[in-house]
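Atoms within a ligand are numbered from 1 in the order they appear, just like the ligands themselves.
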Amino acid sequence: MRQINHVVGGKTRISTGRSALVFNPATGEEIATVGFADVALIDEVVALARSAAAAWGNATLAQRTSVLFRFRQLLLDHSDELAELITQEHGKTHADALGELSRGIETVEYACGLSEHLKGSFSSQVADGVDVHSLREPVGVIVAVTPFNFPAMVPLWMTSNALAAGNAIIVKPSERDPSTTVRLAELLKEAGLPDGVFSVVHGNADTVMTLITHADIDAVSFVGSTPVAQAIYQAGTAAGKSVQALGGAKNHMVVLPDADLDVAADAAINAGYGSAGERCMAISVVVAVGDIADELVDKIATRTDALRVGPGSDPASDFGPIITGHQRDKIADYVIQAPRHGITVVRDGTDLCSRPGFFIGPSLLDHVTPGTPAYDDEIFGPVLCVVRVEDYAAAVRVVNANRYGNGVAIFTRDGNTARLFTKQVTVGMIGVNVPIPVPVASYSFGGWKDSLFGHAHIYGPEGMGFYTRSKVITTRWPSASESQIDLGFPRSR
Ligand code: NAD
């Protein structure tokens, strides 16, 4: 069986010791093993990153930009091959894998503008003969811990800006689909990145905790589920690290009575079932406002009947399997238990669970209410819940009472209400007639409430801010004749 190895100091390091199996979710077959880094290897990789960071942080802006430009081109040249790797281990369709890659490449393109993003500022004559300027320096060594559901895009979110800013970065990808990150390391080396600046170590929870609390690590970027994000934030900050930890989600799509219901139903299908619902920005709750619920549910249900569920490598598939059999069974349980909570199962996708591989079909649950497991938990599968409310105000109350605040969408033709909605909801990323409002790379990505622990959103300007530290320098060149003794506090007027 294939073995997936670490990348340490620019070289492959055979992974030995404790390990996990990697599956092809479309067949259920074991296709690889991935060994976990032990403490000695973590010490080694951090030491190599530390010494590489010193040189890389001192490389000229032009040198760093050249590497990122070449990396971008290599990602484009190898997109199909990378997408195949993603499909094989994650299960998503080839088209969807290309989609996540293109959004990851966007963040590399943003980082290519590093000479602009890293500019400091200068103020002349802030006091007599005194100037002030600021500059941004790299933080040092970053640890990046990534989830299974975007094996290329999320590592790229972190890597692009971290490298642009002059840091070394150690990525610990999900042990369920780790090969893509290893391939990214190879492409970065080919792009001319010096050895040790980008490393990959594999592992589980123990590996992550050893890494993020390591004495020689400066900052931690994490993306994954909420309980783990919270634990990482607490452990990382207690160890004195700067931490951004993005967590899970339960994204609502509010449909107002004036919306075009065909447009809304298409959007609910795309955002609810795309990638088998395994997206942190997937729509998992449709909030039907007023008397449109019956018609809207009917339109969504009819559309689910046309969805084709199959291997991600088959161009005819709309969505592929779930990452593991265990996760597939957990998802099925929410559908099976739904009637016990007064929920109507309009479409039941659990029939597909008997197929080889980790498949489950699209499910549609109606008359779902807060307080039921299907509503309260992040199911992270192809299960769309419909919550019925009387009016706009009730819809906003539902959205704001939810513990998560990653994404939300409103479907309406009323610009005024849409504008009000963007002001009233306690959610980080909002779509107006856009169901998956993942910001472009020149903005930053991040939720509110239990969807983010820490202050900095990821990529874009906030990402660049997270991977740099600022200095402010006040300068004066006095002549000996101007010099005097004055014990007062320095004043500018
Ligand atoms: P996960 O939290 O199980 O794992 C994420 C990473 O943390 C993996 O690398 C894993 O090895 C590691 N890990 C797991 N348990 C750990 C523990 N106890 N201590 C330390 N490290 C641990 O998440 P997942 O199942 O891989 O990914 C799906 C989750 O990620 C969903 O909740 C989804 O909403 C979330 N997600 C969020 C965003 C976002 O931007 N907010 C983006 C993508 C995914």
Any N or O on E175 sitting closer than 3.5 Å to an N or O of ligand 1? yes
Tell me whether A231 reaches ligand 1 (any heavy atom closer than 4.0 angstrom to a ligand atom). no
Thinking salt bridges, do R303 and D318 make one under a 4.0 Å N-O criterion? no
Can you tell me if Y404 and N251 form a side-chain donor-acceptor pair at under 3.5 Å? no
Look at atom 2 (O) of ligand 1 and say which protein heavy atom is nearest, naming residue and atom and giving the distance to 0.1 Å. S225 OG, 2.6 Å
Does a side chain donor of either Y467 or S221 reach within less than 3.5 Å of an acceptor in the other side chain? yes
If the test is ring pair (Phe, Tyr, Trp, His ring centres under 6.0 Å), which one of H367, H252, H341 qualifies with Y375? H252
Heavy-atom gap G447 to ligand 1 smaller than 4.0 Å: no
Quick one: which of C280, G224, P147 has a heavy atom closest to atom 35 (C) of ligand 1? G224
Using heavy-atom distances, let me know which of E378, M429, K250 sits nearest atom 34 (O) of ligand 1. E378
With a 4.0 Å cut-off on heavy atoms, is R279 in contact with ligand 1? no
Counting distance only, does the side-chain N/O of R50 pair as donor-acceptor with the main-chain N or O of D216 below 3.5 Å? yes
Assess the side chains of D377 and Y334: does a donor N or O sit below 3.5 Å from an acceptor N or O? yes
Going by atom types alone, do T226 and R403 pair a side-chain donor with an acceptor below 3.5 Å? no
Whether the S179 and E89 side chains hold a donor-acceptor pair (N or O, under 3.5 Å, no angle test) is what I'd like checked. yes
Near R176 (heavy-atom distance under 4.0 Å), the atoms of ligand 1 are 25 (O)
Check: of Y404, F148, F222, min heavy-atom distance to atom 26 (O) of ligand 1 comes from F148
Would you mind checking which non-hydrogen protein atom is closest to atom 43 (C) of ligand 1, with the distance to 0.1 Å? N149 OD1, 3.3 Å
Does an N or O from G247, backbone or side chain, lie closer than 3.5 Å to an N or O of ligand 1? yes
Can you see whether D314 engages H94 through a side-chain donor-acceptor pair at a distance of less than 3.5 angstrom? no
Nearest-contact summary for atom 17 (C) of ligand 1 - protein heavy atom, Å: A205 CB, 3.3 Å
Show me which atoms of ligand 1 lie under 4.0 Å from any heavy atom of V208. 20 (C), 21 (N)
Looking only at protein heavy atoms, what sits closest to atom 15 (N) of ligand 1 is V228 CG2, 3.6 Å
Under 4.0 Å from a heavy atom of S174: which atoms of ligand 1 are those, numbered in the order shown and with their elements? 9 (O)
Modelled atom types, side-chain donor and acceptor of T426 and K449, under 3.5 Å: yes
So is there a nitrogen or oxygen of T226 less than 3.5 Å from a nitrogen or oxygen in ligand 1? no
Polar-atom distance check: T146 versus ligand 1, any N or O pair below 3.5 Å? yes
Whether K92 and E278 form a salt bridge (side-chain N of Lys/Arg under 4.0 Å from carboxylate O of Asp/Glu) is what I want to check. no
Do W157 and ligand 1 have an N or O pair less than 3.5 Å apart? no
